[in-house]
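Just the heavy atoms: all of them, side chains too, but no hydrogens, waters or symmetry mates, feed the values below. Chain A is the first sequence line, chain B the second, and so forth, proteins listed ahead of strands; every chain is numbered from 1.
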Amino acid sequence: MIAGVLVALLLGGVGTSFAIAWRPAIATIDPPQPQSFAPGLVKRGRVLAALGNCNDCHTVRGGRNFAGGLPVPTPFGTVYSSNITPDVETGIGRWSEAAFQRAMKLGVDREGRHLYPTFPYDHFTNVRDEDDRALYAYLMTRGPVHAPARDNELAFPLNQRIVVAGWKFLFLHPGTYRADPTKSAEWNRGAYLVEGLAHCGACHTPRNALGAERLNAIFAGGDVDHWQAYAINAQSPSPVPWDADALYAYLRDGFHPDHGTARGPMAGVVRNLSVVPADDVRAIASYMADVFGAPSAERRERGEAALAQAKSPAAAAADSAGGAIYAAACAPCHESSQAPPYGGINLVLSSAISSSDPRNLANIVLAGVRPVEGELSPIMPGFAASMNDAEVAALLVYLRSRFSKQPAWSDLDNIVAEARRTQTASLDTRTDARNASSDTAQRAKP
Amino acid sequence: MMTLKVNGRDHQIDAEPDTPLLYVLRDDLKLNAAKYGCGLGQCGSCTVIVDGKAVLSCVTPMVLLEGKQVTTLEGLGTASAPAPIQRAFMEEQAAQCGYCIAGMMMRAQALLQRNPKPIDEQIRAELAPHLCRCGTHMRILRAVHRAARLMDTAELSAVDKRSAP
């Protein structure tokens, strides 16, 4: 009797979830002719694609634009990005605009299959229809690339896409984003971009055990590609508090003299933001400055003290192993007071050194900052070949104690070893090259 | 005074801890194969091998070299008895002005020591930090492949000699 009730409940449950989870296929179309899209619409789509940073996940380094195939390691397994060129067989060439819009709003592909939330539709659901239309026009007018999807590496039951329906039931909330009429148009434009297409929280908000952004810790810092995405709210580790002007310069140029350069996974973001209308970057900066909030008096004082210290650096004291390395290897540029690329910012301004997470600093010391072809980009030599792990760890201990007011880091030996493993993968050619290069292209976004 | 091991020999060096290795090699030891290019660690012409790894000597201060083994191009072979990497670069005529080539050879040597049979894209990735204005890139690629073959046969013939009665 009890068993019967249980079976009935179970069947009922399965039936209900099926009703929630099932999505129909949307009919294929003949690929639209590129000239059928208004040039203005395509152009707007190009800007929106840059704001959405689409190429960053949908392009393999050195591969064709938007052809997908980038491995994205998650705590649950590896998901590969899809081909969003208009190729009829392997891309979205036969997707109608309605199918594209449904993918953006609900995370469902044309055939009705649930997409994994590695594709950040929890943000894209906030994108307005007219912007989806422009994005569709832009993508459908790109050159089609034949590039079959790679199979995801997920264990049962996560390899069953139906599971994603449950995730969406919990974490996808379409139609919840609303403009705030009490705020300026610029603020609202920024909020719309940040919470929607630009999906800043996808990296900068920590995730829960199920891989969803934690709503009680918005912008409190997250993980991506073995880097820490800094907290971009009141918990920001930046010694000098951020304001709208600094955010604008940083996002637009990838550099601000009080904060340094945007590198690591943020490099692709600022590259895209350098080509969109300035007003959109201003809007993002304006909204984010509000998210950071006005600094407390204590915070402001600390920032001013850091700036003063940066202007008149004390001579480096070579009284420890780390200090000796700093004085010989780092200070010649970082205390030169020269503009980039001949000098770097004074490290008292470094967020990496003030952050509770030493990974970014370890990454930069080991791998340096490589110039980017065709870009005015920052440079720094990497020290992976000339410093062993003990030397890097000693340097990090020194930098932390000299340039931050924070407690010493722990577990540096393991962190440095791990950073060496992940950051020098592109130089390690002992294994098969294809594996090596895909490893460096990996993203750590859930 | 510190002891610097270069090409298997110990040298007593009187230099500040922040003196770049390149200056010591060229000015004190008169080992001029490593070249001064940009001085910023961005062109690769100063590359030498330290403990098996290719290192940019213009941004490597002396303080990091205590107890480590430095190898320069002079340590690999001579004009009369060139090492496989040098022979390969000559046979492929991979140098035009030659300024970048010493650095290229050193990084290629480090690559071949840990990966005796690199494929094209591995060589390209490895040599990416090296700039060449002349444009002999394709010859350089061929030269690295040739060096890999030369080293392979050199090892084989060494084995043959050892196993000969």
Return yes when atom CZ of B/Arg142 has more than 12 non-hydrogen atoms of other residues, nucleotides or ligands closer than 6.0 Å, and no otherwise.
yes
Measure the CE-NZ distance between A/Met387 and B/Lys53 for me, rounded to the nearest 0.5 Å.
12.0 Å
Shortest non-hydrogen separation from A/Ala328 to B/Pro17 and the atoms involved:
CB-O, 3.6 Å
With a cut-off of 6.0 Å (strictly less than), are more than 12 heavy atoms of other residues, nucleotides or ligands near CZ of A/Arg271?
yes
For B/Gln42 versus A/Pro371, what's the shortest heavy-atom pair and its separation?
OE1-CD, 3.4 Å
So which heavy atom on A/Ala385 is nearest to which on B/Ala54, and how close?
CB-O, 3.2 Å
CG/B/Leu56 to OG/A/Ser386 distance, rounded to the nearest 0.5 angstrom?
8.0 Å
Does CD belonging to A/Gln338 count more than 12 external heavy atoms closer than 6.0 Å?
yes
Taking side chain as everything from C-beta outward and backbone as N, CA, C, O, which of these in B/Lys68 sits under 4.5 Å from a heavy atom of chain A? Side chain, backbone, both or neither.
side chain
If you tally heavy-atom pairs under 4.5 Å between each of B/Leu40, B/Val50, B/Leu21 and chain A, the highest tally belongs to B/Leu40
Where A/Ile325 and B/Val63 come nearest, the two heavy atoms and their spacing:
CA-CG1, 4.3 Å
Shortest non-hydrogen contact from A/Phe383 to B/Val59?
CE2-O, 3.5 Å
Over 12 non-hydrogen atoms of neighbours within 6.0 angstrom of CG in A/Asp151:
no
